[in-house]
Protein chains: 2
Amino acid sequence: MPRAGQRPRLVDVAERADVSLATASRALAGRDGVSAEVADRVRRVASELGYVANPYARTLAGGASSTVGLIVHQVDDPYFSEIAGGVIQLAAEQGLLVQICQSGRDPDYELQQLRHLIAQRVGIILISGSGYDDPRVEAEARAELTAFQAHGGRVAAIGRHALGVDAVLPDNEAGGNALAHHLIDLGHRRITVAAGSAGLTTVADRLAGVSSALRQRGMTPADLAVVHGDFTRGGGRAVTEQILNEHPDTTAIIALNDAMAMGVLSALRSRRIPVPGRMSVVGFDDVSVAADLAPSLTTIRLPMTEMGRTALSLALKPRSTRPRRRSTGHLLVVRDSTGPPPTA
Amino acid sequence: MPRAGQRPRLVDVAERADVSLATASRALAGRDGVSAEVADRVRRVASELGYVANPYARTLAGGASSTVGLIVHQVDDPYFSEIAGGVIQLAAEQGLLVQICQSGRDPDYELQQLRHLIAQRVGIILISGSGYDDPRVEAEARAELTAFQAHGGRVAAIGRHALGVDAVLPDNEAGGNALAHHLIDLGHRRITVAAGSAGLTTVADRLAGVSSALRQRGMTPADLAVVHGDFTRGGGRAVTEQILNEHPDTTAIIALNDAMAMGVLSALRSRRIPVPGRMSVVGFDDVSVAADLAPSLTTIRLPMTEMGRTALSLALKPRSTRPRRRSTGHLLVVRDSTGPPPTA
DNA sequence: TTGAAAGCGCTAACAT
DNA sequence: ATGTTAGCGCTTTCAA
């Protein structure tokens with residue numbers, strides 16, 4: 001009999017439906033070996049009682065954990081918060097709960113968070129954000145994830161390709177290429193890249209796209225300067241100062257994400273440098289505020305919310321023999337931050 | 001003896017440290033009743049083995065759950081993502097994991113998410129975002145939370161005062177008051193409020209602050225128009241159209257949060273209405289992009305990240321007899337979106 | 001198709 | 001100060 005003031009347990013349901021514990025469990029799990037009639041009765045009683053399985057007991061007894069672990073670099077970065085939004089949406093539709101960890105773009109801390117999630121026995125791990133060039137870090141992460149998967153865990157990555165797991169991959173190289181072509185078409189010949197930390201694969205990939213565009217248009221590496229900084233707004237500001245000092249003939253800045261682009265715009269505004277009159281600026285990601293900046297930002301649109309949903313949906317499917325990959329496609333969104341160079 | 005390919009259990013630690021299960025448990029939990037020497041040995045063995053307690057077993061056996069449930073209206077809204085950032089920060093420092101749910105500003109769905117978190121047996125619930133005027137909803141939420149607390153759960157609210165739990169409360173009324181004073185000081189006499197949904201207590205509180213400022217300055221209700229819409233960017237756009245049509249003599253718009261203010265700015269830009277030349281605009285919250293908008297936004301700064309941390313720290317303390325309240329204070333940040341009215 | 005019973009790994013009485 | 005043992009609520013053999 002149900003204890004007053006306590007949540008009903010499976011025994012309570014079983015008793016009231018006049019079946020055994022095992023039958024009740026089977027009926028609610030939708031497994032077969034239960035007559036339709038009995039299964040129905042059990043389910044009715046369960047909902048009457050407002051029964052919800054205790055996830056701790058269930059998981060301990062060997063059932064699969066129904067929680068999703070999501071690792072992001074930083075939740076209050078719009079790129080990640082939009083991804084998180086997509087993950088949480090789909091998770092809610094599936095009755096799953098999402099645990100979020102921040103790595104702060106520190107590979108070792110990320111590894112620690114990853115281990116924490118595994119120790120917590122989440123059922124699914126979603127790892128988003130750029131990977132690292134450092135082979136040690138990626139190898140350690142791979143090792144943890146492989147062991148996790150061997151115990152039945154499911155994994156998917158977002159924007160990270162060296163993990164040997166299912167992945168949703170933004171079109172970083174093609175996007176970088178498109179941005180550079182756009183600027184070259186406008187007449188720019190002195191382009192500087194405001195790049196994030198050199199150790200991030202996303203930075204390398206986007207940069208590769210930019211370089212290939214220059215080559216395709218017969219320009220030389222000398223026409224392209226690259227300045228590295230933090231992959232954040234603050235990094236964008238700092239890098240801009242450096243660009244203005246060290247590459248004064250620059251007419252266009254390619255920021256490798258929107259956060260940096262916002263820093264670039266902010267620094268240029270402080271210096272009263274007209275955009276795009278004197279300097280064109282482009283970003284990457286198309287976070288939702290990009291359209292509201294001054295001037296509105298030309299950038300590459302990535303469907304972050306959908307990327308989050310897709311990653312979770314990959315992880316919900318049974319594991320395939322070879323890792324699946326989903327490319328996002330990309331779209332150049334031309335707004336007011338780009339125009340012809342001053343001399344054109 | 002530890003089983004190959006499996007995580008070590010507490011028994012494995014106990015065996016290897018040559019103590020009983022109970023002693024090992026006590027030692028690791030830091031409870032007393034264990035000699036310093038033995039406790040030390042147990043801890044050393046545990047870390048050698050890489051032992052991490054199974055949270056499902058621990059919780060099932062009656063220990064406190066170490067996960068925090070956080071309910072936000074929407075994670076990809078900067079206001080909430082900054083709060084979430086603060087919560088996750090402090091949680092990580094404490095070794096806790098955070099589960100995030102979105103209510104989508106739907107009171108019934110919020111209730112459902114709340115029940116889901118309780119069913120998941122989280123140890124702490126943090127509920128953020130405006131409350132609702134509807135007494136039924138607030139009463140149901142209170143009832144759930146009260147029951148949850150009766151079973152030892154801890155709760156704190158952020159920006160919500162009718163729940164009878166510890167709360168971190170932004171200075172909504174004082175902030176609204178400060179905004180209105182700022183505009184009146186500049187010479188504005190025709191002010192319209194772009195308000196969020198009428199059912200939200202945050203909207204009501206901020207609006208009350210605005211009204212009181214007008215009264216304090218000898219203005220009448222006729223000098224203040226209020227137009228309600230969604231508490232989002234889209235809502236701000238829609239409301240602006242309405243304001244321009246129905247209150248054409250308006251010289252200043254008070255948006256009751258930054259998201260709406262961004263919509264207002266966007267709509268004014270489409271109409272080529274100069275800000276602040278023809279129309280001043282203010283927001284509320286000071287989300288991090290507010291400084292990067294065109295023009296940069298005058299608004300009330302709220303310390304969102306800190307609010308998240310404070311809420312969790314309240315919940316980590318033992319429950320007090322009466323709910324604790326922490327006010328955030330507020331700061332008027334004057335930027336470029338406000339100036340004297342056109343006729344002044 | 002159904003039931004009885006043995007754990008899952010841990011905490012918390014209760015003994016010693 | 002330390003050990004023994006009975007659960008926590010569920011899933012899953014194994015029997016019937």
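Worth knowing before you read on, the calculation uses all heavy atoms, side chains too, and leaves out hydrogens, waters and symmetry mates. Residue numbers start from 1 in every chain, and the chains themselves are labelled A, B, ... in the order their sequence lines are given, proteins ahead of strands.
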Take nucleotides 9-16 of chain C nucleotide by nucleotide from the 5' end and write B, S or -, depending on whether a protein heavy atom sits under 4.0 Å from the base, only from the sugar-phosphate, or from neither.
-> BBBBBB--
Pairs involving residues 33-47 of chain B, ordered by first then second residue, that meet side-chain hydrogen bond (donor to acceptor under 3.5 Å, both in side chains) (sequence neighbours left out) |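 Every candidate side-chain hydrogen bond (donor to acceptor under 3.5 Å, both in side chains) pair involving residues 33-47 of chain B fails, so no pair, neighbours aside, qualifies.
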Give a yes-or-no answer on whether the side chains of B:Ser81 and A:Ser81 include a donor-acceptor pair shorter than 3.5 Å.
-> no
So, A:Thr310 versus A:Ser313: side-chain donor-acceptor pair below 3.5 Å or not?
-> no
Would you please name every residue forming a ring pair (Phe, Tyr, Trp, His ring centres under 6.0 Å) with A:His116, sequence neighbours left out?
->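 A:His116 satisfies ring pair (Phe, Tyr, Trp, His ring centres under 6.0 Å) with no residue once adjacent residues are dropped.
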Salt bridge (Lys or Arg N to Asp or Glu O under 4.0 Å) filter on A:Asp166, not counting sequence neighbours, yields A:Arg154, A:Arg324
List for me each residue that meets salt bridge (Lys or Arg N to Asp or Glu O under 4.0 Å) alongside A:Glu140, sequence neighbours excluded, and say none if there are none.
-> A:Arg115, A:Arg136
Extract, from 5' to 3' on DNA chain D, the first and final nucleotides lying under 4.0 angstrom from some heavy atom of chain B.
->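 Contacts span D:dA1 to D:dG9, reading 5' to 3'.
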Is the number of heavy atoms from other residues, nucleotides or ligands under 6.0 Å of A:Arg31 CZ greater than 12?
->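 Counting other residues, nucleotides and ligands, CZ of A:Arg31 exceeds 12 neighbours.
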